[in-house]
There are 2 protein chains.
Amino acid sequence: MIKGDTSSMAELCFVSLRDAIVEGKVKQGSKLSETKIAEQYQVSRAVVRDAIAKLEVCRLVERKPNIGAKVISLNEASLNELYQVRSALEALAARLAANNMTKQQRQQLISLLDSQKSVVRSNNYYQEAGDVDFHYHIITGSNNQSLVDLLLGSIYYLVRMYRVQLGMTGPRVSNAYFEHQQIAMAIERQDGELAEMLMRRHIQYSMQTIIDKFAANSISQLQL
Amino acid sequence: MIKGDTSSMAELCFVSLRDAIVEGKVKQGSKLSETKIAEQYQVSRAVVRDAIAKLEVCRLVERKPNIGAKVISLNEASLNELYQVRSALEALAARLAANNMTKQQRQQLISLLDSQKSVVRSNNYYQEAGDVDFHYHIITGSNNQSLVDLLLGSIYYLVRMYRVQLGMTGPRVSNAYFEHQQIAMAIERQDGELAEMLMRRHIQYSMQTIIDKFAANSISQLQL
DNA sequence: AGTTGATAAATTGTCGACAATGTTTAATTT
DNA sequence: AAATTAAACATTGTCGACAATTTATCAACT
């Protein structure tokens, strides 16, 4: 954590903790000790409490009075629920992107897909977080701040947390690239209805993959 | 604020501040002074800061380092965006409610509508917050906790804030009751697709009403 | 009257301390 | 040995204080 930025220490602590949780450095279900985190980051507990309060509302931690906070536990039921919500919201994002994307945003999306073409050939197509993430561009391209806040404020991190937990940040089958292309073409043609439908399908397939992976992961842990 | 509860003071302060903001006691766009709020509620500033941190993530306040927090400003663009998101999420809630509602929840919904029948006759049909709110029952009846958290954690309060600002907590035309009935019947018959479609329509009409009201309100303020 | 600069006052961000609560460890009883 | 109770320890919730930053006020100048 770099001091001297225009952000408060509390904000930096929040981002740092959020990333540590999402990327699996702090395990799901584990207890967050304000005292230890304050020591580790060399800040006062007030800073840590501010960050934890916000993480609670982001639904990455659960907090109980006098007991403290712990990272949420991941389970198949909540994964299912999360994907239902994700599907509804990202389908909306795709429809709005088809209608609302600026020319510049459209060009960025196309450029992104072009730059990823060679990656697909070597069967290494996957989505890193942030600027090079296809979904991130669709969401921001919706130009609906309320939707951006919801998706990038909470859903995005929860989904990523599951993917990290399941080791799904690595290569994926290249169907995803094809689906992304189809969605991008619908958006380019400003066909909101098609973009929405394709995105629903895409998320549905993705959901099936991650649920299968979760189930397989649970079975292999039972066998240990 | 009652002390001695099992909730922390920070939680009570959060709820109290949220309600004050949503119900218009603290004006939109106004500055929140930690010092003054702490005085008013007779707690330390730490309690107030905890509450404000959470209100920030709920998107009811905007916070800037070294400047402080202020209540969001309401405007037509963000109202529009909010309703787009609300429509997607409540349509999903209706579909899930048709599939997931327990028998008991279904009975409660029907009872609620029955109890409101006489109110409609006197043209006084409106939705108070919480337990007697039709939408609240649909959302909880979705039995998707992720969806409940999103809608009841943020969207619900933002929508209510707009309605209070526009004086829309009073009587409404009784079309709403008819629409609610139609939705409830689709849910009772477990017809998720119809429930979803009817809910989209219902929110769309509601959106048109509130946008018209917002525009009329803005014009009348310009004429002052 | 409007602008600029300096000073005072207020507010925010963070700190360490204290009291209350919960957890862990040790001692006692069965 | 197992169960119960008491004591010690750790953590959380809240407090007031300090330093840094911003805002408000006032005086001087144009």
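Here is how names work: the chains are called A, B, and so on, in the same order as the sequence lines, proteins then strands, and each is numbered from 1.
No donor-acceptor contact under 3.5 angstrom links the side chains of A/N100 and A/Q105, judged on distance only.
Each of B/A46 and B/K36 has a nearest nucleotide on DNA chain C; the 5'-most of these lies closest to B/K36. Take the nearest nucleotide of DNA chain C for A/P65 and for B/S33: the residue whose nucleotide is more 5' is B/S33.
Distance, B/D50 CG to D/dT12 C1': 12 Å, rounded to whole Å. As rounded to whole Å, 12 Å separates atom C1' of C/dG13 from atom CG of A/L12. If you measure from atom CZ of A/F14 to atom P of C/dG13, you get 15 Å, rounded to the nearest angstrom. Taking atom OH of residue B/Y41 and atom P of nucleotide D/dC15, one finds them 15 Å apart after rounding to whole Å. One can place CZ of B/R63 at 16 Å from C1' of D/dT21, the figure rounded to the nearest angstrom. As rounded to whole Å, 8 Å separates atom C1' of D/dT22 from atom CG of B/N66. Distance CD (B/E56) to P (C/dT12): 14 Å, rounded to an integer number of Å. Distance CD (B/E11) to P (D/dT12): 17 Å, rounded to an integer number of Å.
If you check distances only, the side chain of B/R45 does reach the base of C/dG13 with a donor-acceptor pair under 3.5 Å.
Side-chain proximity of B/S8 to the nucleotides C/dG13, D/dT14, C/dG22 is greatest for D/dT14.
For the OP1/OP2 pair of C/dT11 and a distance below 4.0 Å, the side-chain nitrogens and oxygens of B/K31 include no atom meeting the criterion. Side-chain nitrogen and oxygen atoms of A/S44 include at least one within less than 4.0 Å of the OP1 or OP2 phosphate oxygen of C/dC15. Residue A/R49 places no side-chain N or O under 4.0 Å from the OP1 or OP2 atom of D/dT12.
Residues B/D50 and A/D50 fail the side-chain proximity criterion, which asks for heavy atoms closer than 4.5 Å.
Contact annotation for B/L32: backbone-only contact, meaning every heavy-atom pair under 4.0 Å involves sugar-phosphate atoms and none involves a base.
A salt bridge is defined here as a Lys NZ or Arg NE, NH1 or NH2 lying under 4.0 Å from an Asp or Glu carboxylate O, and A/R160 with A/E23 meets this definition.
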Margin query: Before you tell me yes or no, could you show the steps for A/H180 and A/H137 under ring-ring contact (aromatic ring centres under 6.0 Å, His included), namely the whole-Å CA-CA distance, both residues' side-chain angles and the distance that decides it to 0.1 Å?
Written below: CA-CA 11 Å; A/H180 287 175; A/H137 279 262; over 10 Å; no

Checklist line | Pair A/Y83-A/S78, side chain to side chain donor-acceptor pair (under 3.5 Å): steps then yes or no | finding: CA-CA 8 Å; A/Y83 261 77; A/S78 68; over 6 Å; no

